[in-house]
Amino acid sequence: MPEGPSIVILKEALAKFKGKKIIEAGGNTKVVLPELEGLKVIDFKSWGKQFLICFKGFAIRVHFLLFGTYRIDERKDAKPRLFLRFANGEINFYTSSIQLIEGDLDEIYDWTADVMNPLWSAAKARKKLKAAPDMLVCDALMNQQVFSGVGNIIKNEVLFRIKVHPLSTIGALPAAKLNALVKEAVVYSFEFLEWKKKFELKKHWLAYNQKTCPRDHVPFKRKDLGKGRRRTFYCESCQVNYS
DNA sequence: ATACATGTTGGAGC
DNA sequence: GGCTCCAACATGTA
């Protein structure tokens, strides 16, 4: 469920509840929320992997982390972490992180950092990267302040696509590679979105979870790299280490 | 069956 | 204070 494009799919799927009044709400979240019954959902927004249910004066943030799921007009056996029922249907969130966000979302969220947002700014992303020359490229792509919405699959596929080794440092990247990094993070995210909608995402993976490099036909390296020690697949033959 | 995974947070320890 | 490491969370899939 988690990477940015999946949250965009959720947002689109819930459009029918926009402007609708909640007739019942609940769930086993320990987060204390305002009384929701009778309130209208003003909008659904997303910032990277975060899903935002917007009300007048506050929002509920849903983050699916690793195991989160949801059902629309259906229920699983498990107790929902949060559910909202409307006259025209219901949404159930399971095993997700819930937070109450108070205040102006435009002040809290930098929309230009979200790779899926129309306000995304490649120039700002490049600027943030240039300010951190020692950062590893594998960490840079996972950095939600720079590439909000990019996750481990997109990271692996982008690095393979632009032929850059995950342990390259940002400062050592040639300008063309830095530009390609920023550009492909967005391009791949939108391709991910289309493939995911067609339930054919996995068949397009060239590096993630793969055994052999489709370019050079040598075995992929598979190591836990970067600050988060996240699973990384890469080809030491075709992905150049700039450092 | 066992291991592993599209993620983040917060605390311990240095 | 900052950095890194690690546990915790909790469930479907291979």
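So that the names make sense, note that chain A is the first sequence line, chain B the second, and so on, each numbered from 1.
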When pairs are called at under 3.5 Å and a stem needs at least three consecutive Watson-Crick or G-U pairs, the stems of DNA chain C are B:2-5 with C:11-14, B:7-14 with C:2-9
Roughly how many Å is it from [atom1] in [X] to [atom2] in [N], rounded to a whole number?
X       : N       : atom1 : atom2 : result
K223(A) : dA5(B)  : NZ    : P     : 16 Å
W205(A) : dT6(B)  : CH2   : P     : 8 Å
N92(A)  : dT11(C) : CG    : P     : 14 Å
R229(A) : dA5(B)  : CZ    : P     : 15 Å
I7(A)   : dT6(B)  : CD1   : C1'   : 10 Å
F93(A)  : dA10(C) : CZ    : C1'   : 18 Å
L225(A) : dT4(C)  : CG    : P     : 15 Å
Q210(A) : dA14(C) : CD    : C1'   : 14 Å

Which residue pairs satisfy the ring pair (Phe, Tyr, Trp, His ring centres under 6.0 Å) criterion with at least one member in residues 2-31 of chain A, sequence neighbours excluded? F17(A)-F86(A)
Residues sharing F199(A)'s hydrophobic cluster, by side-chain heavy-atom contacts under 4.5 Å among ILVMFWY, directly or via others? none
Whichever hydrophobic residues join L167(A) through chains of side-chain contacts under 4.5 Å: L136(A), L225(A), Y234(A)
Parallel under 30°, tilted from 30 to 60°, perpendicular over 60°: which one fits the rings of F44(A) and F51(A)? parallel
Which residues satisfy the side-chain contact (heavy atoms from CB on, under 4.5 Å) test with K197(A), sequence neighbours excluded? I9(A), E12(A), L193(A), E194(A)
Does K227(A) put a side-chain nitrogen or oxygen below 4.0 Å from OP1 or OP2 of dC3(C)? no
With a 4.0 Å cutoff (strictly under), does any side-chain N or O of R231(A) reach OP1 or OP2 of dA5(B)? yes
Report which part of the nucleic acid K155(A) touches: base, sugar-phosphate, or nothing (heavy-atom distance under 4.0 Å, all strands). nothing
Name the atoms and distances for all side-chain donor-acceptor pairs under 3.5 Å in residues 180-192 of chain A, with sequence neighbours left out.
residue: E184(A); atom: OE1; partner: R161(A); partner atom: NH1; Å: 3.0
residue: S189(A); atom: OG; partner: A185(A); partner atom: O; Å: 2.6
residue: E191(A); atom: OE1; partner: R161(A); partner atom: NH1; Å: 3.3
residue: E191(A); atom: OE1; partner: R161(A); partner atom: NH2; Å: 2.7

Less than 6.0 angstrom from the centroid, inside 45 degrees of the normal: does R231(A) satisfy that with respect to the ring of Y208(A)? no
Taking only the P atom of each, what is the distance from dG10(B) to dG1(C) in whole angstrom? 16 Å
Taking the P atom of each, how far is dC4(B) from dC6(C), in whole Å? 16 Å
In residues 101-118 of chain A, what residues come within less than 4.0 Å of DNA chain B, judged by heavy atoms? none
Spatial distance of atom OH (Y242(A)) from atom CD1 (I170(A)) [nearest 0.5 Å]: 12.5 Å
From the list F160(A), W205(A), F233(A), ring-ring contact (aromatic ring centres under 6.0 Å, His included) partner of F220(A) resolves to F160(A)
Is the shortest distance from a Lys or Arg side-chain nitrogen in E90(A) or R75(A) to a carboxylate oxygen in the other one below 4.0 Å? yes
So, are D43(A) and K18(A) salt-bridged, with charged N and O less than 4.0 Å apart? yes
Please table the atom pairs, donor to acceptor, closer than 3.5 Å between any side-chain atom in residues 100-109 of chain A and protein atoms at least two apart or in another chain.
residue: D104(A); atom: OD1; partner: D106(A); partner atom: N; Å: 3.0
residue: D106(A); atom: OD1; partner: W111(A); partner atom: NE1; Å: 2.8
residue: Y109(A); atom: OH; partner: Q50(A); partner atom: OE1; Å: 2.7

Without placing hydrogens or testing angles, list every side-chain donor-acceptor pair under 3.5 Å for residues 112-120 of chain A, not counting sequence neighbours.
residue: T112(A); atom: OG1; partner: D110(A); partner atom: OD1; Å: 2.6
residue: T112(A); atom: OG1; partner: D110(A); partner atom: OD2; Å: 3.4
residue: D114(A); atom: OD1; partner: M116(A); partner atom: N; Å: 2.9
residue: D114(A); atom: OD2; partner: G48(A); partner atom: N; Å: 3.2
residue: N117(A); atom: OD1; partner: L119(A); partner atom: N; Å: 2.8

Can you give each donor-acceptor pair under 3.5 Å made by side-chain atoms of residues 137-146 of chain A, sequence neighbours left out, with the distance rounded to 0.1 Å?
residue: D139(A); atom: OD1; partner: K227(A); partner atom: N; Å: 2.8
residue: D139(A); atom: OD2; partner: K227(A); partner atom: N; Å: 3.2
residue: N143(A); atom: OD1; partner: Q145(A); partner atom: N; Å: 2.8
residue: N143(A); atom: OD1; partner: V146(A); partner atom: N; Å: 3.4
residue: Q144(A); atom: OE1; partner: G149(A); partner atom: N; Å: 3.0
residue: Q144(A); atom: NE2; partner: M142(A); partner atom: O; Å: 3.1
residue: Q144(A); atom: NE2; partner: V150(A); partner atom: O; Å: 2.9

The correct set of residues in residues 75-82 of chain A placing a heavy atom under 4.0 Å from DNA chain C is K76(A), R81(A)
Produce a footprint string for nucleotides 7-14 of chain B: one letter per nucleotide, 5' end first; B if the base is under 4.0 Å from any protein heavy atom, S if only the sugar-phosphate is, - if neither. BS------
